[in-house]
Trainee: 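Take a look at this one; I'll ask things after.
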Number of protein chains: 2
Amino acid sequence: MTKPRSRRGGGRPTIADVARKAGVGAITVSRALREPERVSEDLRRLIQAAVDELGYLPDPNARALASARAEVFGVLVPSLTNSVFAEVLRGIYDSLSDSSYRIQLGNTHYSGLEEERLLQVFGPQRPAALIVAGIDQTPTSRRLLETAGCPVVQVMETGPDPVDMMVGFSHFDGGKAATEHMIEMGYRRIGFIGARMDPRSQRRLAGYRAAMEAAGLFDARLVTTTPVPSSVTLGRELFRDALAKVPTLDGVFCNNDDIALGVLFECHRASIAVPKTIGITGFNDLDMMEVAFPSVTSVRTPRYEIGRRSVAMALAAIAGKRPQEPVVDLGFDLKCRESTAR
Amino acid sequence: MTKPRSRRGGGRPTIADVARKAGVGAITVSRALREPERVSEDLRRLIQAAVDELGYLPDPNARALASARAEVFGVLVPSLTNSVFAEVLRGIYDSLSDSSYRIQLGNTHYSGLEEERLLQVFGPQRPAALIVAGIDQTPTSRRLLETAGCPVVQVMETGPDPVDMMVGFSHFDGGKAATEHMIEMGYRRIGFIGARMDPRSQRRLAGYRAAMEAAGLFDARLVTTTPVPSSVTLGRELFRDALAKVPTLDGVFCNNDDIALGVLFECHRASIAVPKTIGITGFNDLDMMEVAFPSVTSVRTPRYEIGRRSVAMALAAIAGKRPQEPVVDLGFDLKCRESTAR
DNA sequence: CTACGTTATGGTAGCGCTACCATCTACCTC
DNA sequence: GAGGTAGATGGTAGCGCTACCATAACGTAG
């Protein structure tokens, strides 16, 4: 008359099985697994033996329900194919692979509405932490983040008024530094070429504009942008447009490296000398920019490090040790290469 | 003397609150939400009104515990930065964004051991489906997949003996087709350049070798590989090595497009004419291959479609409608471009 | 020797949902 | 009109864990 083992559960061992085998209470097994220091050495060993013998693995769903907290990091990025976010993700994953946290990834497609929807999906699950790209959440998203009841890290940028914590750098300063470098190298009719034009791109453009205006070089006709998603192909096309608009163009600051690569290829194709006739600067400094011919000047951004740091801050907050300074600026690094070496 | 609302839960509305407000049983609310067709029109409306008014959102953890099934797709890829997998992921995400499934992503770093660890983490959660890259799982991983109790889709390749279902294409055939094309275009001393050399790269190499041997052109010295992770930089270096080893080299079939791009840049830098002196073929056909100068011949692989199809098959299996044919070969498409147009 | 922390362990009562089975009401069928 | 069937609804009993509180055992102070 033994009660049928676990009608629904499929028969894998539960904490009660372990407790029985070890001759202790279920709660002690639970403790031994989560806070070993609160259980005596002897019992701990006994319980570990039972766990090993039965092949017991705690049920994360039951755990989450009972403790009102899932061992899950929710991560929201605007794009999966943009290698910039891929590197942030890599940093996040590498920092979390030793822990028992799972990662739930959402793709917002650069849409505030989609971000809201995903936060609504993530929220009820009570994640351990949320990492979101960008600082321009909609009011609804912001409220959802504020009421999530877990640490929140906004990544990629820094800015005033964090929801909770922030790790990133100033895109405005990056755009400004890149442009100033080109001016310094003697370029004058420097175009800005940008696609997608998400908030970060906008701030890079603002940095470009500030530098150009400070040098008395700004001209609205130098700016060529489109809301269309960025790609190498698009870089080529936008460059053609820019050149048609301003034939005297002598340099371009590209919104990102994909665009810059498109420009570079088009220069090859049209036999335009780089850096002599046209100077090129990219943004992000993907691996290939250094290898390209000529090598391309770019603003190196700490993507991987942003991922790592965001997890470190979240874990600290979970452990109750909130960082002194909730906003971390990791800076950037202008890599001057052949494409602007006039 | 009302009992304190939800000591632990934080006070958000539960299914019982909705049931009370709508004047029905809790189970009817549950049904109205999950199988609306089994509840009468009237009650459905009543319940929906109560749900909206209270802002009720079901607790996914409680749901998962009670039903022994989480609304989660577990996805395992070997790399986050390799844009090939990024596109597969994009396909998966796009196919799942209308559903209530969450996605839990694991990064195996091309390691069988890490794959095992991740499957061990994913398993106890009882995911609705598992999508894993590759068909060369370790025996342990294979057993974990077989006993996961949910649909499993192996993606990127096809092969005999699927765990459950498969969507991909033949890397061997792809490598063979690319090599045959180069032979046809008149190249003779065609090198193979490959990095990482995961199982799929190995099969592309095997395809290359088969084509070369069939033409009586194979020479072991033509093959240059390394287990080091692939990158554009590495492409350049391996090409230099290959050229030093076989100065009469007149073409290269590259393991992937990153390598091909590195080769192309090095040719520019060393003033080697492409396609005249050296022909180049890549693999995957990333967006930029068409834009490169000269444009680069490559094997277009249906990455995005693999992602979409894998989800479609998994969802069908969840719904009890297993596809007739569990192995789907999506093929590939050789894109002949300037880099091999001798 | 009593009072009182302090530490180690356990029992009970949920967490919020759904599987399972029971019930109840039409609506047939013969 | 008895019996059967299908469809709609609800009650009960968990799912496997942990929060909370109780208890026991052991010092240590007064």
Side-chain angles (χ1 to χ4, degrees), chain A residues 3-20 22-47 51 54-71 100 123-126 128 149, chain B residues 3-20 22-47 51 54-71 100 123-126 128 149:
Chain A
K3 130 173 56 170
R5 130 109 69 196
S6 184
R7 184 165 42 115
R8 290 133 77 159
R12 57 182 91 185
T14 72
I15 205 169
D17 297 324
V18 176
R20 208 171 308 122
V24 300
I27 190 69
T28 305
V29 175
S30 175
R31 262 198 290 263
L33 262 33
R34 291 175 303 135
E35 323 167 79
E37 73 285 356
R38 292 196 36 192
V39 173
S40 69
E41 177 89 32
D42 292 358
L43 280 193
R44 219 183 306 157
R45 252 201 292 272
L46 213 64
I47 290 169
V51 164
L54 292 171
Y56 169 73
L57 288 170
D59 180 329
N61 299 130
R63 225 174 218 193
L65 179 59
S67 66
R69 194 52 68 202
E71 283 201 293
S100 58
Q125 194 182 185
R126 298 162 182 282
Chain B
K3 130 172 54 170
R5 130 111 68 201
S6 183
R7 184 164 43 115
R8 288 132 76 161
R12 57 182 92 184
T14 73
I15 204 168
D17 297 325
V18 176
R20 208 171 308 123
V24 301
I27 190 68
T28 306
V29 175
S30 175
R31 262 197 291 264
L33 262 34
R34 289 176 304 135
E35 323 167 79
E37 73 284 357
R38 292 196 35 194
V39 172
S40 70
E41 177 89 30
D42 292 356
L43 280 194
R44 218 184 308 157
R45 252 202 293 271
L46 214 65
I47 289 169
V51 164
L54 292 172
Y56 169 72
L57 289 170
D59 180 328
N61 300 129
R63 227 174 216 191
L65 178 59
S67 67
R69 195 51 68 202
E71 285 201 290
S100 58
Q125 194 183 186
R126 300 162 181 280

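We name chains A, B, ... by the order of the sequence lines, and we start the count at 1 in each one.
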Trainee: Tell me: CD of Glu35(B) to P of dA8(D), nearest whole Å?
Mentor: 11 Å
Trainee: Take the protein atom CZ of Arg69(A) and the nucleotide atom P of dT18(D), then report the distance between them rounded to whole Å.
Mentor: 15 Å
Trainee: Rounded to the nearest Å, what distance is computed from the CD atom of residue Glu37(B) to the C1' atom of nucleotide dT9(D)?
Mentor: 15 Å
Trainee: Which side-chain hydrogen bond (donor to acceptor under 3.5 Å, both in side chains) pairs, counting each pair once, include a residue from residues 27-36 of chain A, with sequence neighbours left out?
Mentor: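 Sorted result for residues 27-36 of chain A: Ser30(A)-Arg34(A).
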Trainee: Looking only at the side chain of Tyr56(B) (C-beta and beyond, no hydrogens), which of the listed nucleotides dC17(D), dC17(C), dA19(C) gets closest?
Mentor: dC17(C)
Trainee: Measure CZ/Arg63(A) against C1'/dC15(D) and give the value in whole Å, please.
Mentor: 16 Å
Trainee: What parts of residues 24-34 of chain A reach DNA chain C, counting only heavy atoms under 4.0 Å away?
Mentor: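 Of all residues in residues 24-34 of chain A, the ones placing a heavy atom under 4.0 Å from DNA chain C are Val24(A), Gly25(A), Ile27(A), Thr28(A), Arg31(A).
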Trainee: Atom CG of Leu43(B) and atom P of dT25(C): how far apart are they, to the nearest Å?
Mentor: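 Result: 15 Å.
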Trainee: Specify the closest pair of heavy atoms between Leu54(A) and Pro13(A), including all atoms of both residues, with the distance to one decimal.
Mentor: O-CG, 3.5 Å
Trainee: Determine, stepwise, if the pair Gln125(A) / Arg69(A) fulfils side-chain contact (heavy atoms from CB on, under 4.5 Å).
Mentor: CA-CA 8 Å; Gln125(A) 194 182 185; Arg69(A) 194 52 68 202; over 6 Å; no
Trainee: Map Arg38(B) and Asp59(B) onto DNA chain C by nearest heavy atom, then report which one ends up closer to the 5' terminus.
Mentor: Asp59(B)
Trainee: Rounded to the Å, how far apart are Asp17(A) CG and dC15(D) P?
Mentor: 11 Å
Trainee: Name the closest nucleotide to the Pro58(B) side chain, picking from dC17(C), dC17(D), dG16(C).
Mentor: dC17(C)
Trainee: Take the protein atom CZ of Arg45(B) and the nucleotide atom P of dA8(D), then report the distance between them rounded to whole Å.
Mentor: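 My rounded result for the distance is 15 Å.
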Trainee: Using side-chain contact (heavy atoms from CB on, under 4.5 Å), reason through Tyr56(B) and Asp17(B) one step at a time and then give a plain yes or no.
Mentor: CA-CA 9 Å; Tyr56(B) 169 72; Asp17(B) 297 325; over 6 Å; no
Trainee: If I take atom CD in residue Gln125(B) and atom P in nucleotide dG16(D), what distance separates them, rounded to the nearest angstrom?
Mentor: 15 Å
Trainee: Between Ser40(A) and dT9(C), is there a contact of a side-chain N or O with OP1 or OP2 at under 4.0 Å?
Mentor: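 Indeed, a polar side-chain atom of Ser40(A) lies that close.
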